[in-house]
Every structure is written in structure tokens, then in C-alpha cells.
2 protein chains.
Amino acid sequence: MTNSTTDDRRGWTQNPEGVKRDILAVAVSEFAARGFSGAKVDDIVARTQTSKRMIYYYFGDKKGLYMRALEAAYLKVREGEAALDLGDLPPLEALSTLVAFTFDHHRENPDFIRMVMIENIHQAEALSASEKIRKLNVAAIDKLREICERGEKEGVFRHGLDPIALHWQISAASFFNVSNRPTFSALFGADVFTEDGQSHLRKQTVEAILAIAQPEAPL
Amino acid sequence: MTNSTTDDRRGWTQNPEGVKRDILAVAVSEFAARGFSGAKVDDIVARTQTSKRMIYYYFGDKKGLYMRALEAAYLKVREGEAALDLGDLPPLEALSTLVAFTFDHHRENPDFIRMVMIENIHQAEALSASEKIRKLNVAAIDKLREICERGEKEGVFRHGLDPIALHWQISAASFFNVSNRPTFSALFGADVFTEDGQSHLRKQTVEAILAIAQPEAPL
DNA sequence: AGAAAAATGTTCTTGGTAGTACATTTGTAT
DNA sequence: ATACAAATGTACTACCAAGAACATTTTTCT
């Protein structure tokens with residue numbers, strides 16, 4: 001029996017997997033909070049059960065750690081998404097469910113959002129280098145593609161609907177809602193981030209997405 | 001006659017305003033490119049006509065410089081927005097013009113977008129401290145508020161339309177389009193960022209915004 | 001002209017931070 | 001049990017980068 005899934009490090013037993021997970025969890029949180037240069041290896045290690053030595057032992061250098069942290073963040077979030085099943089819902093409901101779910105899911109994963117923000121600041125350098133992440137995301141859009149196809153076939157969606165453009169729209173709203181909360185609320189007040197404000201935005205976003213998916217209303 | 005508006009520093013004449021502007025311009029670009037901790041004062045100064053000494057002379061410290069750079073970025077962008085006049089357009093056209101304009105304007109000011117991204121990483125700390133910026137932005141939303149009021153009165157917009165929520169929607173699309181380009185194109189291809197892709201998104205975004213502004217279509 | 005103030009150049013210092021060297025302990029295979 | 005490998009602890013180094021000290025030049029004001 002291996003201890004690779006349990007997290008206990010009673011006393012002073014070796015626990016490589018546990019150590020790695022410990023480091024990664026803290027690293028995600030620190031990188032997300034302060035960015036790549038802003039995060040300090042010493043600060044990360046301070047929040048850890050282990051020593052700086054282990055970071056370099058397992059991850060090589062700060063960049064290596066960052067990369068693995070990014071992968072971990074993506075992995076966790078995409079796992080959460082995969083849990084959503086809308087197989088037998090009719091296209092319209094499937095789409096609005098997906099939008100509302102994405103909106104909420106992003107809100108629940110602010111660290112992931114922040115990692116992506118940081119990655120964008122750095123021109124997606126690490127992300128581009130990660131085969132692992134790219135594979136994850138191809139799958140992420142399949143669900144949406146399938147909805148589009150069904151909707152088109154049934155005539156409830158417009159023809160030639162581009163799933164990637166639609167995904168862009170869904171992501172834009174859901175992402176911005178988390179990423180820009182600090183500046184937006186500083187400038188325009190926090191009303192839209194109250195519970196009521198957020199349900200309103202969620203509903204509004206669903207409506208907006210449905211509008212561009214459905215055939216244009218005749219004037 | 002003062003030399004505060006001209007930028008020439010022939011030979012070795014003093015030119016405080018020119019020096020400040022020189023530094024600020026480079027600072028915006030560097031901070032936008034590398035973030036607060038990522039940007040190095042020495043790198044900034046290297047791209048400047050002046051010396052490190054002057055940065056500390058005029059801006060106190062790195063944070064002071066960052067703050068002024070942020071203000072400069074906001075100022076420039078809001079000036080560009082103010083140039084847009086849609087006073088006599090009917091509400092629907094005014095709104096779609098505003099959306100399309102914002103979409104394009106953000107694209108044309110990537111450094112501004114990146115400064116805001118960085119500010120969001122840092123919880124809008126500097127922005128909150130800047131009276132100057134907050135004032136600018138109150139004005140930014142007036143235009144939209146006025147459109148909403150007219151549209152409501154004329155019955156072409158739904159009742160109780162919240163200008164701030166609408167601004168959120170417009171910003172989300174326009175901002176995300178620039179901020180997340182690196183990761184989005186790394187994951188899903190660059191098609192949506194070609195000229196054709198962008199016009200499609202712009203049109204789609206206008207349509208989405210109009211849909212949530214107009215009265216709901218009867219089923 | 002001369003003094004004071006503003007603006008700029010040059011050099012140095014000090015703290016922080018990524019990464020390393022060296023030593024030791026724990027687990028595993030023969 | 002012993003040797004070897006994997007995992008971990010502790011102390012150190014080297015450098016980078018923010019900011020300061022000190023010196024000089026330009027401008028302005030009387």
C-alpha cells in the first residue's frame with residue numbers, strides 16, 4: 001500500500017507525494033496572489049511543512065514550480081467542469097445551464113482566474129509550453145460544440161454558429177467578473193458584486209448568450 | 001514662454017516636464033509589460049534619456065512611479081473616449097456605436113488594459129488611492145447613463161435598466177478580448193483574433209448588448 | 001554678479017532573494 | 001546487514017535591484 005493519496009506526515013516519515021502536493025497548493029495560492037515575480041520562494045516555503053530544499057529538489061527552479069502550479073490550477077478547474085452533465089437537456093436549456101454554471105464556477109475558483117491573468121501578463125509563455133494544459137482544453141470546448149450542433153440541427157440555433165466564438169463570449173463575462181472585481185468595484189461601487197447583483201449579472205449574461213445563439217428575431 | 005509642452009532636449013538643457021513625460025511613457029510600457037515587481041527601475045531608466053536619479057527625484061520611489069504611470073494610462077484612454085460624440089443618435093444606434101467603439105478602443109490601448117490587469121492582481125490598491133482616477137471614471141459612465149434614460153423614455157429599452165451592469169457587460173467583452181488574448185489563442189487558436197474574427201466578435205457583442213437592453217421579445 | 005534653488009550626473013550601499021553545497025536520515029533491494 | 005538510492009535538513013553564497021550619498025551644473029531671482 002502506498003501513501004500517495006493520504007496527506008498525513010506524522011512525525012518524521014518520508015512522504016514525497018505529500019510534500020509535492022503541499023508545495024503545489026501553497027505555490028498556486030502565492031503565485032495567484034502576487035504574480036510570478038511578486039511571489040517569493042521563501043514565502044511559499046514558509047507556508048509549507050517542508051523546506052526550500054524540497055522545492056528545488058522536486059521542481060528545479062522557480063519557473064518549474066510556477067509551471068506545475070499552473071497545471072495544477074487548470075487540472076482542478078477542468079475537473080470541476082467535467083462534473084457537469086447536460087447530456088439529455090435540450091440545446092437551449094443545455095446552453096443556459098452551461099453559461100450559468102461557468103459563471104458560478106469561475107467565481108468559485110478565483111485562484112485559477114488569477115493564475116490565468118498572470119499567465120496573460122506573461123504572454124502565456126508557460127501555458128504554451130504545457131502539452132498537458134492544451135489537451136485539457138480541447139476537451140473543455142467539446143461540450144459546447146456538441147450543444148451547438150444539436151441546436152443547429154433542431155433549428156433553435158442559428159446556422160454557422162462558431163463554438164469557439166461562443167466560448168469566448170461565455171468566458172469573457174465569467175472571467176471578467178472575477179478578474180476585474182477589484183478595479184471595477186473601486187470605480188463603480190460593489191453593488192454588482194453583492195449576491196443580488198451577481199444573480200442579476202448571471203441572468204443577464206445567460207440572456208445575452210442565448211440571444212446570439214438563437215436565430216435573429218425578425219424586426 | 002515655457003517649454004512645458006515641447007519635448008526637445010537638445011544638447012544639455014534642463015527640461016523637467018520633458019523628463020517626467022519621458023519617464024512616465026517608458027514606465028507605463030514597462031509596468032504594462034512586466035507587472036509591478038517584474039518591471040525593474042534600471043530597465044525603465046535604460047529606455048529613457050535620463051538617469052535613475054531623476055526617477056527618485058520626481059516620483060519618490062517605485063510605487064510612486066507606478067501610481068503616476070497608472071494615472072497617465074487612465075488619463076490617456078479616457079481622453080480618447082471623451083472624443084466620442086453620440087449626442088444626437090437615437091438610443092439604439094447610440095448604444096451600438098458605443099459598444100463597437102469601446103471594443104475597438106480597448107484593442108487600440110493594450111498597455112492600458114495590461115495596467116488594469118496588473119492593478120487587479122494587486123487588489124486595485126493604487127487605483128483606490130488615486131482620487132484623480134476615480135473622478136475620471138464617474139464621467140465615463142455618464143454617457144451610458146444618458147443613453148439608458150433616453151432609451152427607456154422612448155420605450156426602446158427595458159425598464160429599470162442598470163447602466164452600471166450594462167457597462168460591466170460592455171467592459172467584460174472589450175476587456176477580455178485584449179487581456180486574455182495570449183491564453184485564449186494558445187488554447188483555442190488565433191482565428192478569433194484575425195481581422196475577420198474580430199469583426200465577427202464585435203458584431204456579436206453589439207448584438208448581445210442590444211438584446212439585454214431591449215425589451216424582451218415575446219415568446 | 002552672486003546667491004539660492006532646481007535639476008541632473010555618478011557612485012555606493014544595503015537588503016532581499018534565487019539558487020547551491022554539504023550533511024544526514026529514511027527507505028529499499030540484495 | 002549492508003549498500004545504495006531517495007528524501008530531507010541546515011547553512012551558505014552570489015547577485016540583483018531599490019534606493020541613498022555625494023557632487024555638479026543650470027536656471028532664476030535680486
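Any value given below was found using the heavy atoms of this structure, including those in side chains, with hydrogens, waters and symmetry copies removed. Below, chain A is the first sequence line, B the second, and so on; all start at residue 1.
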Tell me the interatomic distance from [X], atom [atom1], to [N], atom [atom2], rounded to whole angstroms.
X        : N       : atom1 : atom2 : value
Ile23(B) : dA7(C)  : CD1   : P     : 12 Å
Lys52(B) : dA23(D) : NZ    : P     : 19 Å
Asn15(B) : dT27(D) : CG    : P     : 10 Å
Phe36(B) : dA17(D) : CZ    : P     : 14 Å
Glu17(A) : dA6(D)  : CD    : P     : 14 Å
Asp22(B) : dA7(C)  : CG    : C1'   : 15 Å

Please compare Arg53(A) and Val41(A) by the position of their nearest nucleotide in DNA chain C and report the one closer to 5'.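 It is Val41(A) whose nearest nucleotide is closer to the 5' end.
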Any salt bridge between Glu125(B) and Lys63(B), counting N to O under 4.0 Å?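 Yes, this pair counts.
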May I ask you to decide whether Lys135(B) forms a salt bridge with Glu71(B), counting only side-chain N to carboxylate O separations under 4.0 Å?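 Salt bridge between Lys135(B) and Glu71(B), a charged N being under 4.0 Å from a carboxylate O: no.
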Does dT8(C) have OP1 or OP2 sitting under 4.0 Å from an N or O in the side chain of Ser51(B)?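 Answer no for this pair, as no side-chain N or O of Ser51(B) is under 4.0 Å from OP1 or OP2.
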Is there a residue in residues 54-66 of chain A whose heavy atoms reach under 4.0 Å of DNA chain D, and which residues are they?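 Residues of residues 54-66 of chain A that come under 4.0 Å of DNA chain D are, in numerical order, Met54(A), Tyr57(A), Tyr58(A).
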What's the shortest heavy-atom distance between Pro163(B) and Ile141(B), and which atoms?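 Scanning both residues, the minimum pair turns out to be O-CD1, 4.2 Å.
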Heavy-atom check, side chain of Ile133(B) versus side chain of Leu187(A), under 4.5 Å: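 Yes, at least one pair of side-chain atoms sits under 4.5 Å.
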What about Lys40(B): does its side chain form a donor-acceptor pair under 3.5 Å with the base of dA18(D)?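 In this structure, the two groups form no donor-acceptor pair.
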Do the rings of Phe101(A) and His105(A) sit parallel, tilted or perpendicular, given the 30° and 60° boundaries?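 Judged by the thresholds at 30° and 60°, the geometry between Phe101(A) and His105(A) is parallel.
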Look at the side chain of Lys62(A) and the backbone N and O of Phe36(A), then say whether any donor-acceptor pair between them is shorter than 3.5 Å.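 Looks like yes, one N/O pair under 3.5 Å.
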